[in-house]
Amino acid sequence: QVKLEESGGGSVQAGESLRLSCSHSKYIHVTGRMTWFRQAPGKQRDEREGVASIDSDGNTNYADSVRGRFTISQDYANNILTLQMNNLKPEDTAMYFCAADRELGAWYDPYGVDYWGKGTFVSISS
């Protein structure tokens, strides 16, 4: 069974940085796409927002709200997906989820996700 496990969340002040990690099986990044989603407080599961994705060819996508501040990458040797988050803002506060899919639909569509991690919470204070 595919297992995704996030780590690295926490509470920081606006302008600071955090680095999220997601450990996963090698199979995922070879055959599919991996994405970071986030669910803001008070939002429902189907309102999860695609933050950044990386496909099996290494192509990346970013939400407009994070482009230039966040960087997604794969550590292929250790099967770890990372999200480097710089210049964090209070509106970045959310539960962040690691996800994997077979690239059948849009990268930002939570309904296309095949596997979800349990999430790690990020809180940004002003």
Side-chain angles (χ1 to χ4, degrees):
Q1 182 172 346
V2 173
K3 182 177 180 180
L4 307 175
E5 187 170 356
E6 304 94 337
S7 61
S11 297
V12 297
Q13 293 188 328
E16 295 184 342
S17 299
L18 280 174
R19 185 178 180 89
L20 304 184
S21 297
C22 171
S23 63
H24 60 84
S25 62
K26 180 179 181 179
Y27 171 82
I28 293 176
H29 77 70
V30 170
T31 63
R33 173 174 57 205
M34 297 198 71
T35 303
W36 287 99
F37 284 84
R38 66 186 180 187
Q39 183 174 343
K43 297 289 188 180
Q44 300 301 312
R45 181 186 176 105
D46 60 357
E47 297 177 281
R48 290 180 181 177
E49 174 192 14
V51 175
S53 74
I54 185 166
D55 67 18
S56 53
D57 292 323
N59 300 307
T60 58
N61 287 287
Y62 294 93
D64 290 342
S65 58
V66 307
R67 187 175 290 111
R69 300 188 297 123
F70 291 10
T71 303
I72 189 171
S73 61
Q74 280 277 18
D75 177 349
Y76 293 100
N78 296 297
N79 301 325
I80 298 176
L81 178 75
T82 64
L83 184 68
Q84 177 66 41
M85 306 186 295
N86 298 328
N87 189 23
L88 284 160
K89 304 176 180 181
E91 52 263 42
D92 295 319
T93 294
M95 183 72 83
Y96 283 72
F97 297 90
C98 174
D101 69 78
R102 293 164 288 166
E103 303 185 45
L104 299 179
W107 70 269
Y108 49 81
D109 183 3
Y111 287 102
V113 171
D114 296 304
Y115 304 103
W116 290 98
K118 293 183 178 181
T120 185
F121 191 69
V122 171
S123 176
I124 313 301
S125 58
S126 58

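Being a predicted model, the structure only gives us computed values, none of them experimental. By convention here, the first residue in the shown sequence is residue 1.
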### Message
Please check this pair: side chain of Asp92 against backbone of Val122, looking for a donor-acceptor N/O pair closer than 3.5 Å.
### Response
no
### Summary
Closest non-hydrogen atoms of Ser65 and Arg38, given as atom of the first, atom of the second and distance, are OG-NH2, 3.4 Å
### Task
Check whether the side chains of Ser7 and Ser21 place a donor and an acceptor atom closer than 3.5 Å, and report yes or no.
no
### Message
Rounded at 0.5 Å granularity, tell me how far CE in Met34 sits from CD1 in Ile54.
### Response
9.5 Å
### Task
Give the minimum heavy-atom separation between Gln39 and Gln44, together with the two atoms involved.
NE2-C, 3.4 Å
### Message
Please tell me whether Leu83 and Phe97 are part of a single hydrophobic cluster in this structure, the criterion being side-chain heavy atoms less than 4.5 Å apart.
### Response
no
### Distance, nearest 0.5 Å, that separates CD of Glu49 from CD of Glu47
11.0 Å
### Other residues, nucleotides, ligands: >12 heavy atoms within 6.0 Å of Tyr108 OH
no
### Task
Look up atom OG in Ser126 and atom CD in Glu91, then write down how far apart they are to the nearest 0.5 Å.
10.0 Å
### Task
Examine Tyr62 and Trp36 and state if one hydrophobic cluster contains both, with Ile, Leu, Val, Met, Phe, Trp and Tyr joined whenever side-chain heavy atoms are less than 4.5 Å apart.
yes
### Message
Is there a continuous path of hydrophobic side-chain contacts, each under 4.5 Å between heavy atoms, that joins Tyr115 to Val51?
### Response
yes
### Atom pair CG (Asp75) and SG (Cys22), whose distance is rounded to the nearest 0.5 Å
12.0 Å
### Task
Would you name the heavy atoms of Gln84 and Ser17 that are closest together and state the gap between them?
NE2-CB, 3.9 Å
### Query
Cluster question for you: counting only ILVMFWY and a side-chain heavy-atom cut-off of under 4.5 Å, with indirect links fine, are Tyr96 and Val12 together?
yes
### Task
Could you tell me which non-hydrogen atom of Pro90 sits nearest to which non-hydrogen atom of Ala14, and how far apart they are?
CD-CB, 4.1 Å
### Message
side chain to side chain contact (heavy atoms under 4.5 Å, CB included) for Leu88 and Phe70? Distances and angles first, verdict last.
### Response
CA-CA 9 Å; Leu88 284 160; Phe70 291 10; 3.8 Å; yes
### Query
Just by modelled atom types, is the Tyr111 backbone N or O under 3.5 Å from a matching donor or acceptor in the Asp109 side chain?
yes
#### Entry: Sole candidate of Thr120, Thr82, Leu4 that passes side chain to side chain contact (heavy atoms under 4.5 Å, CB included) when paired with Cys98
Leu4
### Message
Please check: side-chain N/O of Glu6 versus main-chain N/O of Lys118, any donor-acceptor pairing under 3.5 Å?
### Response
yes
#### Entry: Minimum side-chain heavy-atom gap Ile124-Met85 below 4.5 Å
no
### Message
Between Asp101 and Thr35, does the side chain to side chain contact (heavy atoms under 4.5 Å, CB included) criterion hold? Intermediate values first, please.
### Response
CA-CA 8 Å; Asp101 69 78; Thr35 303; 4.2 Å; yes
### Query
If you count the non-hydrogen atoms of other residues, nucleotides and ligands that lie under 6.0 Å from CZ in Arg67, is the total more than 12?
yes
### Query
Do you know the tightest heavy-atom contact between Trp116 and Pro110?
CZ2-O, 3.6 Å
### Query
Looking at Glu103, Gln74, Arg33, which one forms a side chain to side chain donor-acceptor pair (under 3.5 Å) with Ser56?
Glu103
### Task
Give the cluster check for Leu81 versus Leu18: same hydrophobic cluster or not, with ILVMFWY residues linked at side-chain heavy-atom distances below 4.5 Å.
yes
